[in-house]
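Just the heavy atoms: all of them, side chains too, but no hydrogens, waters or symmetry mates, feed the values below.
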Amino acid sequence: MEDEAWRSVDIIRDNDGIPHVLQQKMLVFTSGVSEESAGYTKPAMEHRLVPLKDLTKSGRS
């Protein structure tokens with residue numbers, strides 16, 4: 001069985017100085033033929049930038 005997740009790689013500031021998180025897609029194999037292959041992750045070539053404020057909680061409303 002295969003699933004996907006996003007791994008944070010780095011923090012990058014855009015031209016306005018706003019921090020964004022560079023994330024890389026990871027393929028996660030949740031089950032396999034043996035115990036050793038379950039939980040295996042493999043990086044994919046897909047990346048995205050997400051504003052840091054969207055990934056962090058703030059005490060303010």
Side-chain angles (χ1 to χ4, degrees):
M1 191 176 207
E2 186 178 317
D3 203 354
E4 64 181 48
W6 290 92
R7 178 179 70 134
S8 297
V9 178
D10 201 359
I11 295 179
I12 299 171
R13 295 189 180 271
D14 66 5
N15 292 338
D16 297 324
I18 300 171
H20 286 68
V21 178
L22 175 64
Q23 294 186 328
Q24 180 177 22
K25 186 184 229 178
M26 300 294 289
L27 302 177
V28 180
F29 299 92
T30 56
S31 63
V33 178
S34 68
E35 293 273 336
E36 293 176 4
S37 60
Y40 173 72
T41 60
K42 177 180 173 184
M45 291 307 296
E46 189 174 337
H47 293 80
R48 68 181 181 184
L49 281 176
V50 181
L52 182 61
K53 67 177 183 163
D54 291 352
L55 298 176
T56 57
K57 287 186 174 182
S58 176
R60 298 182 219 172
S61 300

Item checked: side chain to side chain contact (heavy atoms under 4.5 Å, CB included) assessment of T41 paired with R7 -> CA-CA 11 Å; T41 60; R7 178 179 70 134; over 6 Å; no
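L49 and L22 make their closest contact through CD2-CA, 3.8 Å (heavy atoms, listed as atom of the first residue, atom of the second, distance). For the pair S8 and Q23, the tightest heavy-atom approach, listed with the atom from each and the gap, is OG-NE2, 3.4 Å. Of all non-hydrogen atoms in R13 and P19, the two that sit nearest each other are NH1-CD, 3.6 Å. Shown here for R48 and V50, the closest heavy-atom pair between the two residues is NE-CG2, 3.7 Å. P43 approaches M26 most closely through the heavy-atom pair CA-SD, 3.6 Å.
Here salt bridge (charged side-chain N to carboxylate O under 4.0 Å, His left out) pairs that include residues 14-25, with residues two or more places apart or in two chains, are E4-K25, K25-E46.
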